[in-house]
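These notes concern the structure reproduced below.
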Amino acid sequence: MSNFIRQTSSNKFKKMMSTSIATSLVLLIGGLVMLFMPGLTNKLIGIVVGLMMLVSGGNMIYKYLKRDGAKLYSFNMIFGIILFVIGLIVILMPYSLSSFVTVCLGLYLIIVGANKITYGVWFKIGNDSAWLITVVIGIMLIFFGIMVIINPFSMLTITKLVGIFLIIISVLDLTDTILLRKRSDEITKIFW
């Protein structure tokens with residue numbers, strides 16, 4: 001019976017990782033569009049960034065609801081709701097100052113980074129070797145988030161800046177997710 005439960009949990013974890021891969025690909029495409037089409041209007045930038053936050057927040061909430069007691073996703077509801085609310089605000093006020101959208105993007109990176117660090121801590125507790133990579137990715141995302149908020153990149157347009165950071169986080173998240181998905185059986189033994 002426990003093998004059946006573990007196999008079901010492993011399949012559920014693989015599904016969750018598939019939604020994470022899809023979310024990362026959406027972010028990557030959005031980042032590439034913004035990087036190579038910097039003439040987009042502020043309204044469109046706000047809507048795209050808001051939608052990406054909604055998708056990421058929804059993905060985190062989904063993982064929390066489908067976790068079946070997995071400790072790994074215990075903070076996802078909090079992070080997901082915060083991202084979802086910020087995404088709604090950005091979508092509802094797309095004409096807002098581009099600095100507001102930049103601050104929201106920075107907050108998004110910090111929240112995703114904090115979520116990655118939480119995963120890394122759980123991996124460390126479970127003696128899983130992926131903990132260090134996950135924590136490093138989380139720290140990098142928080143660093144990028146702080147950089148976006150203080151905005152030392154005055155020579156870049158806001159659209160290119162948003163695009164670059166979306167590409168970075170999507171590539172980091174894809175790497176981390178693919179590594180975790182390959183080890184889903186081991187991870188479910190630890191966390192379910």
Side-chain angles (χ1 to χ4, degrees), residues 1-31 46-92 104-128 130-131 133-135 137-142 145 166 169-192:
M1 184 67 168
S2 68
N3 269 349
F4 174 74
I5 293 170
R6 187 165 286 135
Q7 186 61 34
T8 303
S9 297
S10 180
N11 290 339
K12 201 171 266 199
F13 183 73
K14 285 178 184 175
K15 268 188 182 176
M16 289 179 189
M17 292 297 97
S18 295
T19 61
S20 290
I21 289 171
T23 302
S24 296
L25 290 173
V26 168
L27 292 176
L28 179 64
I29 292 167
I47 291 171
V48 169
V49 170
L51 285 173
M52 289 178 187
M53 289 179 184
L54 281 177
V55 168
S56 292
N59 184 35
M60 286 182 182
I61 292 169
Y62 168 78
K63 285 179 184 175
Y64 177 84
L65 295 174
K66 296 293 185 181
R67 70 188 177 116
D68 284 341
K71 299 170 193 166
L72 183 64
Y73 299 115
S74 55
F75 291 105
N76 273 34
M77 181 62 83
I78 296 166
F79 293 138
I81 289 172
I82 292 169
L83 282 181
F84 204 84
V85 169
I86 292 172
L88 278 176
I89 291 169
V90 171
I91 287 172
L92 293 175
C104 288
L105 177 64
L107 290 174
Y108 169 78
L109 292 169
I110 290 168
I111 291 168
V112 171
N115 197 35
K116 289 283 183 196
I117 290 172
T118 303
Y119 291 172
V121 168
W122 279 111
F123 291 151
K124 177 68 173 161
I125 291 169
N127 290 324
D128 189 85
W131 76 271
I133 293 169
T134 305
V135 168
I137 289 171
I139 291 169
M140 289 172 64
L141 290 172
I142 290 173
L166 287 175
I169 64 167
S170 63
V171 169
L172 291 174
D173 202 40
L174 269 171
T175 304
D176 193 38
T177 303
I178 290 169
L179 288 173
L180 293 177
R181 192 168 195 278
K182 286 182 179 179
R183 302 181 59 239
S184 63
D185 292 334
E186 296 169 40
I187 291 169
T188 52
K189 286 178 190 174
I190 296 169
F191 298 108
W192 265 275

Evaluate the side-chain proximity of [Y] to [X]: yes if any heavy-atom separation is below 4.5 Å, no if none is.
X: I139; Y: I117; answer: yes
X: F79; Y: T118; answer: yes
X: T134; Y: V121; answer: no
X: I142; Y: L109; answer: no
X: M77; Y: L65; answer: yes

**Request:** Take F84 and I81, measure what side chain to side chain contact (heavy atoms under 4.5 Å, CB included) needs, and give me the verdict at the end.
**Result:** CA-CA 5 Å; F84 204 84; I81 289 172; 5.5 Å; no
**Prompt:** Do M60 and I78 pass the side chain to side chain contact (heavy atoms under 4.5 Å, CB included) test, and can you show the C-alpha distance, the side-chain angles, and the key distance before you say yes or no?
**Reply:** CA-CA 9 Å; M60 286 182 182; I78 296 166; over 6 Å; no
**Asked** What are the two closest non-hydrogen atoms of L83 and S56, and how far apart are they?
**Response**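 So the two residues come closest at CD1-CB, 4.1 Å.
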**Any side-chain donor near an acceptor of the partner, Y119 and N76, under 3.5 Å** =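 Distance-only check passes for Y119 and N76.
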Once rounded to the nearest 0.5 Å, what's the spacing between atom [atom1] of [X] and atom [atom2] of [Y]?
X: N115; Y: I137; atom1: CG; atom2: CD1; value: 12.5 Å
X: I133; Y: K116; atom1: CD1; atom2: NZ; value: 11.5 Å
X: I21; Y: L174; atom1: CD1; atom2: CG; value: 6.5 Å
X: S24; Y: I29; atom1: OG; atom2: CD1; value: 11.0 Å

**Request:** Take I86 and I111 through the side chain to side chain contact (heavy atoms under 4.5 Å, CB included) test and state the conclusion after the steps.
**Result:** CA-CA 11 Å; I86 292 172; I111 291 168; 4.2 Å; yes
